[in-house]
Amino acid sequence: MKKKIILFILLVIQIYISYQNWLVEGKIWSSLEYKFATAFSVLLIVLLLLLLFKKSIFLKFKENALYAKMFKEFNKGYGGKIAVVMLALIFYAAFMAPFIAPYSPTKIDYSNMTYSAPSLEHWFGTDDFGRDMFSRVLYGARIALGVGFSAVLVNASLGVSLGLLAGYYGGKADMIIMRLVEIWNSIPFILLALAIISALGTGIFNIIIAVGITGLINFSRLTRSIVFQIKEKEYVTSAKALGASDLRILYNHILPNSISSLIVLGTLRIGISILVVAGLSFLGLGIQPPTAAWGTMLNRGQEYLIQAPWMSIFPGLAIIITVLSFNLLGDALRDALDPRQLD
C-alpha cells in the first residue's frame, strides 16, 4: 500500500510538471532538448501508470527462476539500492533539466554580474556571471552522462571486438592483437588526449573519441579470458560442426554468454569516464564554456574558492555522487550476475 501511495505521488508530481511546461509555458516540442524532455516525461508517466494499474506485467520477471535469483542477490546489500535511487535521480535531472531548471544555464545576469550565496531564489547560489548554479549543475548531468555512456560504448565496441578475435583465434593473432593493445595502453592518457584534441579540436564529439579509444586493455583482456573459457564448450563445437561461420559463432554464441561480465565492467567504466571527462574539462581540454559541464564549473570555481566556495562544492559533489553511484551499482551487479550465485 505504501508503494502505491509513493507511486501515485510521483505520478501526480510528474503530471503537474508536464502540465506546467507543456500547456502553461509551451515547452513541448520547440527544440531538441524539449523533445527529449517531453519523450522522457511521457515514458515516465506511462511507466508509473503501469506500475500502479498493471503491475502484473513486471511480475513475470519474478516468476523466472534466474531473474528471481539475480534480484535476490542484488537486494542483499544496501549499496545497490542506494545506487539505483541516486542514479534514478541523476538520470531524471539530466533528461528533465529543461523542464525543472528554474533558469537558463548560460544566461548572464547583467544586472548582477557577481557571485551570490545560496538562497531561496538560487538554491546553489550563482557564479561570477550571475548564472544560477542549480540550473548549471542540472544541465551538467546531461553532459556527464551523455559523454560518459558514449565514451564507454566506443571503448567497449573496440575492446570487446579485439578481445573476441584474440581469444577465439589464439596463437599469433592473440599475441599480435594483445601486444598492440598493451603498447597503445602504455601511452599516458593525458598525452594521448592532448594529441587527439590538438588534432581534432575541442568539442563533445572529440572528447568522446579521446576518452573512448583509451583504456582498451580492460575490455580486451576480460573478453579474451572469457572467450578462452567458452570456445571449448559443447554448443560452440556444435555450431562449428553445423558449418556456422566464425563471425556468427563469435556474435551469436560467445558474446551473449560474456555479456554479464561486460555489463559489470561497463558500469564501472562509466564512472571512470565521467571522472576523466571532468578532469579534462577542468584542465581546459574538454567541454568549453559557456556550456554547463561539471569540470568546467570546477575550473571556474577554483578562482573563487575562498570568496564563493559553493561554485566548487556543488559541481564537485555532483561528480562524487555520480561516480560513487556507478561504482556501487557495478559492485552490486557483480554479485548479482556472478554465475556461481546463479547455479
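The structure displayed is predicted, hence computed values, not measured ones.
Residue Trp22 places its CH2 atom among more than 12 non-hydrogen atoms of other residues, nucleotides or ligands, all under 6.0 Å distant. Residue Arg179 places its CZ atom among more than 12 non-hydrogen atoms of other residues, nucleotides or ligands, all under 6.0 Å distant. More than 12 heavy atoms of other shown residues, nucleotides or ligands fall within 6.0 angstrom of atom NZ in Lys35. Counting heavy-atom neighbours within 6.0 Å of Glu234 CD, excluding the residue itself, gives a total of 12 or less.
For the atom pair Trp184 CH2 and Ile217 CD1, the distance stands at 13.0 Å (nearest 0.5 Å).
When atom types are taken as modelled, the side chain of Asn206 and the backbone of Leu200 share a donor-acceptor pair closer than 3.5 angstrom. In this structure, Thr237 contributes its side chain and Lys233 its backbone to a donor-acceptor pair below 3.5 Å. In this structure, Thr291 contributes its side chain and Ile287 its backbone to no donor-acceptor pair below 3.5 Å. No donor-acceptor distance shorter than 3.5 angstrom exists from the side chain of Ser135 to the backbone of Arg131, with no hydrogens or angles considered. Judged purely by atom type and a 3.5 angstrom limit, Asn21 uses its side chain to pair as donor or acceptor with the backbone of Ile17. Under a 3.5 Å cut-off, the side chain of Glu232 and the backbone N or O of Ile230 do not form any donor-acceptor pair. With Asp127 contributing its side chain and Tyr115 its backbone, the two residues share no donor-acceptor pair below 3.5 Å. Ser30 places no side-chain N or O within donor-acceptor distance of the main-chain N or O of Lys27, the cut-off being under 3.5 Å.
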Using the side chain to side chain donor-acceptor pair (under 3.5 Å) rule, take Asp246 and Tyr168 through it: C-alpha gap first, then chi angles, then the decisive distance, then the call.
-> CA-CA 9 Å; Asp246 291 343; Tyr168 185 76; 3.1 Å; yes

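Shown here for Leu328 and Ala83, the closest heavy-atom pair between the two residues is CB-CB, 3.8 Å. Pro256 and Asn252 get closest at one heavy-atom pair: CG-O, 3.5 Å. Between Leu165 and Leu250, the shortest heavy-atom distance links the atoms CD2-CD1, 4.3 Å. Scanning both residues, Asp132 and Pro102, for their nearest heavy atoms gives OD2-CG, 3.8 Å. Pairing each heavy atom of Pro105 with each of Arg136, the nearest pair is O-NH1, 2.6 Å. Taking all atoms of both residues into account, the shortest heavy-atom contact from Gly148 to Ile274 is CA-CG1, 4.3 Å.
Counting side-chain heavy-atom gaps under 4.5 Å among Ile, Leu, Val, Met, Phe, Trp and Tyr, Phe228 is found in no cluster with other residues.
Using cut-offs of 30° and 60° on the angle between ring planes, the pair Phe95 and Phe91 is parallel. Ring geometry for Phe149 against Phe326 counts as perpendicular: the plane angle is over 60°, on a 0 to 90° scale with 30° as the lower cut.
For residues 292-314, the side chain to side chain donor-acceptor pair (under 3.5 Å) pairs, not counting sequence neighbours, are Asp128-Arg300, Asp128-Tyr304, Asn299-Gln302.
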Name each donor-acceptor pair under 3.5 Å that joins a side chain in residues 5-14 to protein atoms two or more places apart or in another chain, with its distance.
{"residue": "Gln14", "atom": "OE1", "partner": "Tyr92", "partner atom": "OH", "Å": "2.6"}
{"residue": "Gln14", "atom": "NE2", "partner": "Ser41", "partner atom": "OG", "Å": "2.8"}

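Phe134 pairs with exactly one of Trp123, Tyr103, Phe314 by the ring-ring contact (aromatic ring centres under 6.0 Å, His included) rule, that one being Trp123.
The pair Arg221-Glu182 meets the salt-bridge criterion, since a charged nitrogen lies less than 4.0 angstrom from a carboxylate oxygen.
Both the sub-6.0 Å distance and the 45° axial angle are satisfied by Lys81 relative to the ring of Tyr78.
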